[in-house]
Protein chains: 2
Amino acid sequence: MVSSIAELISDRIGTMPAGERRAAQALIASYPLIGLKTVAEFSATAGVSSPTILRFVARLGFQNYPEFQSTLQDELAAQLQSPASRTLNPPSPGSSAVSPMLEATLDNMRETFRHLSDKQLADIVAKLADRRGKTFLIGGRFTDPLARYMAAHLAIIQPNVFHLGGQESVWRDRLIDMGKRDVLVIFDIRRYQDSLVRFAETANQRGVQIVLFTDQWLSPIARFARHVIAGRTAVPSAWDSSAALFVVAEALIGAVTRQLEADGAKRIRELESLR
Amino acid sequence: MVSSIAELISDRIGTMPAGERRAAQALIASYPLIGLKTVAEFSATAGVSSPTILRFVARLGFQNYPEFQSTLQDELAAQLQSPASRTLNPPSPGSSAVSPMLEATLDNMRETFRHLSDKQLADIVAKLADRRGKTFLIGGRFTDPLARYMAAHLAIIQPNVFHLGGQESVWRDRLIDMGKRDVLVIFDIRRYQDSLVRFAETANQRGVQIVLFTDQWLSPIARFARHVIAGRTAVPSAWDSSAALFVVAEALIGAVTRQLEADGAKRIRELESLR
DNA sequence: CAAAATACGTAACATACGATACAGCGCTCC
DNA sequence: GGAGCGCTGTATCGTATGTTACGTATTTTG
């Protein structure tokens, strides 16, 4: 038995032609609201023609469009009247292999932030928003993308932000550029990489302030780090999860942006005028 | 300022004639669902005539019935998309500056997964774990790190996984390598990049199956995509959040790994012995 | 109590919405 | 390479829907 139209769609989306699949995806993306609008609006949002929408609902087993809409409304009524069903994901008895993953991730984030004080974050933000020094970012095998992600944002709102990528020998040589006023943001989770540890140690000796993103068992780099962010990584998977660290990174990016705006940084105003 | 139609009604219900008051009560009783149905149905449920309904919505300040319905739908959309506003956020003791960011992110993830069916994910996993074809990953300005992150993991558990980076001209030429059996995983959120759209279009013409990670407004690439994952990106920040997409990516990585283990892939056993 | 004003429903109307027929196109399979 | 099939969009049609006009009922006011 199929309980919701959403399930019905995901059951049959594989067997649908391209146009109808676009209709299905548009419906799922903002479920179920476009389904309540007119065929014309639905077709416009999905980028197909009206008949395709009608064929789509016909394929789902409905006699006509109004019948389809009524079903959607009934579904919505049930949902709105029992808020419990919202929090508890469609129970999907037996399956839902990803749900435990999601739950664990959400828990990880809550735990991660619970152990982070506002003071600590504020200090890091202040340091990152301090435009007198340079900012370098680097990560390990799996976490380097996080460093890139953060660098991509920070580099826009302020100058002198550099992601250290490529071969080890390349970024090792960049140590020459680093001094007391600079910040090095390092991402390092298990298994901790020796090359990164050595790099951090040298940087530390040069007086560079290190901000470390690591897991709850703390990379050895924590010994040299000025600020340590310990994210929870445990999930029911063969891999560790970096999602919590990712969210902290995003929170920092947002906070630094706000800080620079508050500082009235000329660059921010220029950026806005460019857009 | 009146935020919802429900408030508007309770403000004015005192000044309404009997018939319209019955209409108002009927609407409030199962808010806002009858308002989305036709005037005829509305009038029948309320026990009044159609014109009375129209006079009722006119009194609320709407020019016509469709305008009234649109407003109701917008209201509903806002409600459904930010469950936070429904639960009336607990002030979160201490009221930290990053807490709203965290809350929004958690909501985004729950919402994103609520719109994702197990079936849909299972299809994608099956395709990604299919070792007959190659897997290419690419992302936009801010999302390319996500592509890298996913590629870093997938490349370990199976051969023929390629991240497309560097200059546009470089990865454009890689189109030659792509064929019907291959998968292209694209990350593209606002503002959608023309270069990526063109790339996706060409790849699609070559028969490549496209898995798209995008935001809830759907990149134009959705037109060519076989599978679309629409993540929520709204957070109280100057930037959009990719955290929800990141978590989906991690979930997929985990699921693909499990799938390959189940398939008894020789490579996995070899890997384990190497560790 | 009478007269006026307001409210309500019936019925006719016009719009726009959903439905259908048909032609063009691409794709697959001989 | 050609024939057949299936998918998609354009254009047209019928109809359900929202809208309005008008007559009757009901309440209000002097």
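Being a predicted model, the structure only gives us computed values, none of them experimental. To find a chain, count down the sequence lines: A is the first, B the second, and so on, and within it residues start at 1. Side chains are part of it too, since the values below use all heavy atoms of this structure and drop only hydrogens, waters and symmetry mates.
Ring geometry for Phe42(A) against Phe68(A) counts as parallel: the plane angle stays under 30°, on a 0 to 90° scale with 60° as the upper cut.
Although no hydrogens or angles enter the test, the distance criterion places no donor-acceptor pair under 3.5 Å between the side chain of His227(B) and the main chain of Ile124(B). Formation of a donor-acceptor pair under 3.5 Å by the Thr52(B) side chain with backbone atoms of Gly19(B) is not found in this model.
No side-chain donor-acceptor contact under 3.5 Å links Thr233(B) and Asp215(B).
Relative to the axis of its first five pairs, the axis of the last five pairs of the helix from dC1(C)-dG30(D) to dC30(C)-dG1(D) sits at 30°, rounded to 10 degrees.
With a heavy-atom cut-off of 4.0 Å to chain A, the contacted part of DNA chain C has its first and last nucleotide at dC17(C) to dT20(C). Protein chain A contacts DNA chain D from dC7(D) to dT10(D), reading 5' to 3' and using non-hydrogen atoms of the protein with a distance under 4.0 Å.
Under a cutoff of 6.0 Å and an axis angle of 45°, Arg174(B) and Phe136(B) do not form a cation-pi pair.
Remark: Glu201(B) does not engage Arg206(B) in a salt bridge, criterion side-chain N to carboxylate O under 4.0 Å. A salt bridge does not link Arg232(B) to Asp107(B): none of the charged nitrogens lies less than 4.0 Å from a carboxylate oxygen.
Judged by closest nucleotide on DNA chain C, Tyr65(A) is the one of Tyr65(A) and Lys180(B) placed further toward the 5' end.
Heavy-atom neighbours of Gln167(B) CD from other residues, nucleotides or ligands within 6.0 Å: at or below the threshold of 12.
Ring to ring, Phe142(B) and Tyr149(A) are not that close: their centroids are 6.0 angstrom or more apart.
Proximity of His153(A) to Trp239(B): side-chain heavy atoms (C-beta onward) are separated by under 4.5 Å at one or more points.
DNA chain C lies under 4.0 Å from at least one heavy atom of each of the following residues of residues 47-59 of chain A: Pro51(A), Leu54(A).
Note on residues 50-66 of chain B: pairs passing salt bridge (charged side-chain N to carboxylate O under 4.0 Å, His left out), not counting sequence neighbours, are Glu20(B)-Arg59(B).
Looking at residues two or more places apart in sequence or on another chain, you find a side chain to side chain donor-acceptor pair (under 3.5 Å) between Arg148(B) and Asp144(B).
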